[in-house]
Structure formats: structure tokens, C-alpha cells
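For the numbers below, each heavy atom of this structure counts, side chains included, while hydrogens, waters and symmetry mates do not.
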Amino acid sequence: MGYRSRVILTILSSLAAYLLSALTVAAQSAQRKDAPAGIERQGQASGDHGLVLILGLDTTPESTESPALKTCLAHNPPPACVPLTLTIKNEGKETILSWFHTCGQAVALFDLRQPDGTWMAFPMDLANMWACSSNMMGVESLLPGASRTSRFRLADESLMLGTSFPRTGDPEAWHRGYAVLGGPGPYTLRAHWNVDGCTASEKVDRDSQLDPSGAPLCAKGSERQPHFLVIQSNEVTLPSASRN
């Protein structure tokens, strides 16, 4: 294959991955707007799913001299640099399978509580979305009693929340997240996690090799659904500045 052909294929691959990521985020955002505040939404699959979503402050010690923290504070408001954790835990009786794309939403979607007590969707920076050049699909299992924890900051580019300081000449709309976090606070958040998955077959155990295209992974009477479960976390209030 010639050099020009390889370049064209690379560009097409990147564009396809970018569009898939945009569609994933847009679909999740639309789903979130339909969810009543404070109510856990579930798909039509039967069974005791028992998935719990826990949002918290990361208690891992971090020095004020941390390069990651310094870099974050140099480009974002302090609340966007607070280390957070998001844990999804299976307190039910069934194994849950969830599919994911490496170019999809990295952690979750967020809501911000307003002074009057209402909630607004934390604005996303879709106009300035990062490009992903290599998209892969995978599937993970969450057995009863198991949990997974993600560590992140609201400033992480993969969240696409637009918290970076506006630069001269840039459209202000590309930094909606910065505008939200630029006030005096306090900032109270909650998270939403959309599970693209199903209830696992009894054949799936801790040592199973999971093929993302394997429909038989789902239990009889269950099938993979893009919005199998939409779960909502507890509320967390961010400190006005990153912890020392």
C-alpha cells in the first residue's frame, strides 16, 4: 500500500472514531435529560441488579508540588483540579456485563446543583472535542460484591467539560465548564453512569475470557441494551481549592 493510501486510511479511521465518540456522548446526554432527579433508571432486564454508584473526594495524599496538580492549576479553576473518585459496585446477586469503547465517555456525566436547589447538566465542550485515533470495543464483567474505581479530575480532557481558561480569540462557548466553575461556589456534583450491557450468563465467571462480540455472554432472556441501566450517584461538594 502506498504512502498516500495509508495517510487516507489513517484520516478516515480517526474521523470515524471521532464521530462514534460524538454520537456516544450525545446519546448519553439525551438519556440523562430524561431522567427524573434523584431516581435511578433501569432497563427492562429482569433481576436484582444492585449496582451502586459512589462519587467521592480522592483521599490519596497529593503534594502541592505535584507536577500534575501544578499543570492543572495553571490552566483551570481550582475546583476543576480537585481529585475525585467514582466507584461502581455490584451489591446485587447477578453478574453484570458492560460494553465500552476506548473513544467513548471515559468516566461519567455530571450534574451541578444550582443555588435554588435545582440541578443542571454540567456543560460539555462538544465543539472542541478531542480526537481519538484508535477506537476499540471491550466488555467487562462485574461480579456480585465486586467494584471498580476510577480516579479523575473535572479538568481531565477525556471528560470534555471545557474547564480550561479561555484563550484570546477562542469562542467562549468552548469553555462553558470554566464559566460554571469560575464563581465563588460552593459546587455540589452528582454523577450518572450509563451501563451498556446485560445480565451475564451463568457460564461467565471471574476467569472467563470475554469476547465483546459474543452475544451468548448474556443470560437467557437478557440481551445487550445501550441503556441497560442508568444509575445516579450520591452528592459531593467540592472544596474551593485543591487539597494540600
*Can you list the residues that meet the side chain to side chain donor-acceptor pair (under 3.5 Å) rule with Lys70, with sequence neighbours excluded?*
Glu65
*So which heavy atom on Ser141 is nearest to which on Thr95, and how close?*
CB-CG2, 4.0 Å
_Exam field: side chain Asn76 to backbone Ser164, donor-acceptor pair closer than 3.5 Å_ = yes
*asked:* Is the shortest side-chain heavy-atom distance between Val236 and Thr188 below 4.5 Å?
replied: no
*Can you find a pair of side-chain heavy atoms, one from Leu159 and one from Phe122, that are under 4.5 Å apart?*
no
*asked:* side chain to side chain donor-acceptor pair (under 3.5 Å) for Asp111 and His192? Distances and angles first, verdict last.
replied: CA-CA 8 Å; Asp111 289 338; His192 294 268; 2.7 Å; yes
*Find out whether Lys93 and Pro144 are in side-chain contact, i.e. whether some heavy atom of one side chain is under 4.5 Å from a heavy atom of the other.*
no
*Measure the shortest side-chain to side-chain distance between Val82 and Leu57 over non-hydrogen atoms and say whether it is less than 4.5 angstrom.*
yes
_Presence of salt bridge, Arg153 and Glu62, under 4.0 angstrom_ = yes
*Residues in side chain to side chain donor-acceptor pair (under 3.5 Å) with Asp156, at least two apart?*
none
*First locate atom CD of Gln225, then atom CH2 of Trp99, and finally report the distance between them rounded to the nearest 0.5 Å.*
10.5 Å
*Identify, with sequence neighbours excluded, every residue that meets side chain to side chain donor-acceptor pair (under 3.5 Å) alongside Thr149.*
Thr87
